[in-house]
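Both backbone and side-chain heavy atoms feed into the values below; hydrogens, waters and symmetry mates do not.
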Amino acid sequence: MLRHGLFLLLATILIVGTFYTARFGIYDDTLVRVGGLALGILLLLSRPGPATTPIKLIVDIALCALLLAALARYALIAQSLETGLYFLEPIDVWLGIGALVVVLEMARRKVGLPLVLVCAIAMGYGLYGEQLGGILSHTGVSWPDMTFTLWYSFDGVFGRPLAVVVSTIIIFIIFGALLEVLGAGDVLLKLAMRSLGWLRGGSAHAAVLASALFGSVSGSAVANVVGTGVVTIPMIKRSGFSARFAGAVETAASSGGQIMPPIMGAVAFIMSDLTGIPYLQICLAALIPAALYYGSLFACISAEARRAGIERPDRDSLPRMTRHDWLMLSIFAVPLVTIVAMLMDGKSPALAGFWATVIALVLGLGINPKVRSLTTLRNAVASAASASATILVAVGAVGIIVGVMNLTGLGLRFAALAQTLSDGSLLMSLLLMALACLVMGMGMPTVPAYLIIILVMGPAVEALGVPTVAAHLFVVYFAVMSAITPPVALAAFAAASIAKANPMGISLTAVRLALIGFLVPFAFAFNPSLLLIADFSVTEFCWIMLRLGFAIWMLAAMAGRSTLWTLFSIATAVCLIMPMLSLQITALLLSLGIEVFYRIRCTANNRSLVQPDKI
């Protein structure tokens, strides 16, 4: 009971502080960054859960005490640190190391071991990298220097990524949690079913639309799978699709929510801060690629429904939108319009998120009488605080990697190494970055995966002429795709528990459905016109849209026929996005010819089967 009360108290402090910061701005940068991370860690340590063993309780108390001691020391020397003339004492170093251990332990619990291992490797490189030869060698870093950078400055744990989270992103996490508690997710699913349920395989189409809308706000593929999948996956199975396919549809659709404007999860705000590109321009750049991704999902579902012999459902069997449902929809629609309008008016994203949250709360309490209770408010506070604490810890851990890179110059060295390995080839550089994103993103949320890769590989790709926005969106796409890529595929494992199917099977099917998501990033890297804001050319835009449209058609129509057809469609789609005109035209004509021949042969076979025997 005491732990539960402490958790709610800390959660309330975090949310009230977030509202104040979003409405009135940051009043003290150090307090907001350090206090925000501290609240996040303390929230996770105090969060009620299953029965805690005595050993775990002792460990939690020790971590809490160590963090509080480090924070007290930080507060004591904060003014001296600001002068830049303070030299760390041994107690500062030890408490700083202890605080870093706490951050890494909480990251291990909430994000997973991969991020912690990367942080440990980065710290090991900082301490012992001078013993390495060649391009990886640096001048050496001592424990005091590393501790000062990582804990006592704004170049490490409390760096810019954490600042963006506490100043901008948490208010949108609160907004997403509030929408879910107020019942907006249910009405979105009902709207999606009414809008697309009449199509062949309509339940799967509806699941894709609902997951895209809600996933853009939630910013978490796994949370989206769990939140909407409990309804959509059984619904897809009942319509005639296999359990594996149902789980794969939800996995691919939920993962894509983070590339869907206007919210794009949390990544768009961090991208805007890192690049200096206005948030609305980033949304505009992401619009066409996101539409292609979801258009490909719809096409694959239609092709699979046709192959499985699933008929269109009766329109009368679809749920009808009542007057109350339309009013409930305003809980989602009005705040979303408010966000876009305020951003177009030049207001800050944080202020737009503040008013969107306030409007959603007022509309929800006014329209939905079921949520007018302290229980609903408590659930919203707990859900928002837990999600916020997780991203605070994840980004704090990423700050360790960023700090080591700044301290040792690793980012520049890695960029130089990547350029050497690629030998000036843009394609090879993009392949290296895509592979790094898929590996780093396994078991890691999109935000930390994106930050690590773009800070390490981004300069190398931009040096080869790729526009900044294209390089950043490229990383985001592959960080998102890592959630469905074997062997980790967290979103697929989440869907497997609901679909009652093999997670690796779901992952492989999801990859097939989302193949265009692996190709579109290369397309806009080679053809920036696809992003609408970088080096735009009408001719180039029309030509790449034609090729991508054809690739989507092939991946949907051909991939389900057999393994040979799948390989052929993938190879042709890859050729269509390569920056060689002769290869593009050859692939286009060859695939058209083969498809025409296939259809003629199928027609001839069907006629021979129905031809009556001659007497």
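- In this structure, Met106 and Val393 approach most closely via the heavy-atom pair C-CG1, 3.6 Å.
- Tested against Arg160, the residues Asp155, Asp29, Asp273 include a single salt bridge (charged side-chain N to carboxylate O under 4.0 Å, His left out) partner, Asp273.
- Atom CG of residue Leu71 and atom CG of residue Leu42 lie 7.5 Å apart, to the nearest 0.5 angstrom.
- Not a single donor-acceptor pair under 3.5 Å links the side chain of Ser386 to the backbone N or O of Ser383.
- When atom types are taken as modelled, the side chain of Tyr152 and the backbone of Leu88 share no donor-acceptor pair closer than 3.5 angstrom.
- With a 4.5 Å cut-off on side-chain heavy atoms, Met342 and Leu351 count as touching.
- Contact check for Ile259 versus Leu473: no side-chain heavy atoms found under the 4.5 Å cut-off.
- Side-chain contact check for Phe87 versus Phe148: every heavy-atom pair is 4.5 Å or farther apart.
- With Ser46 contributing its side chain and Leu43 its backbone, the two residues share a donor-acceptor pair below 3.5 Å.
- Arg108 places no side-chain N or O within donor-acceptor distance of the main-chain N or O of Val116, the cut-off being under 3.5 Å.
- The two residues Ser388 and Ile173 come nearest to each other via the heavy atoms OG-CG2, 3.6 Å.
- To the nearest 0.5 Å, the span separating OG1 on Thr147 from CG on Asp92 amounts to 9.5 Å.
- Minimum heavy-atom separation, Ala285 to Pro289: O-CD, 3.4 Å.
- For the side-chain contact (heavy atoms from CB on, under 4.5 Å) test with Ile169, the passing option among Val166, Val165, Ile171 is Val165; the others fail.
- Looking at every heavy atom in both residues, Ala356 comes nearest to Phe175 through O-CE1, 3.8 Å.
- A heavy-atom distance below 4.5 Å is not found between the side chains of Gln258 and Tyr477.
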Check: Which is it for Leu438 and Phe518 under the side chain to side chain contact (heavy atoms under 4.5 Å, CB included) test, yes or no, and what are the steps along the way?
Finding: CA-CA 10 Å; Leu438 292 175; Phe518 295 87; 4.2 Å; yes
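- Under the salt bridge (Lys or Arg N to Asp or Glu O under 4.0 Å) criterion, Glu89 pairs with Arg73, sequence neighbours left out.
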Notebook entry, point to check: Yes or no on side chain to side chain contact (heavy atoms under 4.5 Å, CB included) for Thr149 and Asn406, after CA distance, side-chain angles and deciding distance?
Noted result: CA-CA 9 Å; Thr149 299; Asn406 292 336; 5.7 Å; no
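- Aromatic ring pairs are classed by plane angle as parallel below 30°, tilted from 30° to 60° and perpendicular above 60°; the pair Tyr74 and Trp151 is perpendicular.
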Item checked: Verdict with reasoning, Phe154 to Thr30, per side chain to side chain contact (heavy atoms under 4.5 Å, CB included) -> CA-CA 9 Å; Phe154 284 173; Thr30 301; 3.5 Å; yes
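- A donor-acceptor pair under 3.5 Å links the side-chain atoms of Ser482 to the main chain of Ala479, judged by distance alone.
- Closest of all the heavy-atom pairs between Val157 and Leu100 is CG2-CD2, 3.7 Å.
- Considering CD1 of Ile454 and CE of Met271, their distance stands at 8.0 Å, rounded to 0.5 Å.
- Exactly one of Trp355, Phe24, Phe354 qualifies for a ring-ring contact (aromatic ring centres under 6.0 Å, His included) with Phe19. That residue is Phe354.
- The distance from the CG atom of Leu63 to the CG atom of Leu44 is 11.5 Å, given to the nearest 0.5 Å.
- Residue Thr338 holds its OG1 atom at 12.5 Å from NZ of Lys347, rounded to the nearest 0.5 Å.
- Of the candidates Ile270, Val395, Ile170, Val164 forms a side-chain contact (heavy atoms from CB on, under 4.5 Å) with just one, namely Ile270.
- Leu451 CG to Leu274 CG: the interatomic distance, rounded to the nearest 0.5 Å, is 6.0 Å.
- Side-chain contact check for Val398 versus Leu115: some heavy-atom pair is nearer than 4.5 Å.
- The two atoms that bring Ile506 and Ala492 nearest to each other are CG2-CB, 4.0 Å, heavy atoms only.
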Checklist line | Test log, rule side chain to side chain contact (heavy atoms under 4.5 Å, CB included), inputs Leu37 and Val103 | finding: CA-CA 9 Å; Leu37 180 62; Val103 171; 4.3 Å; yes
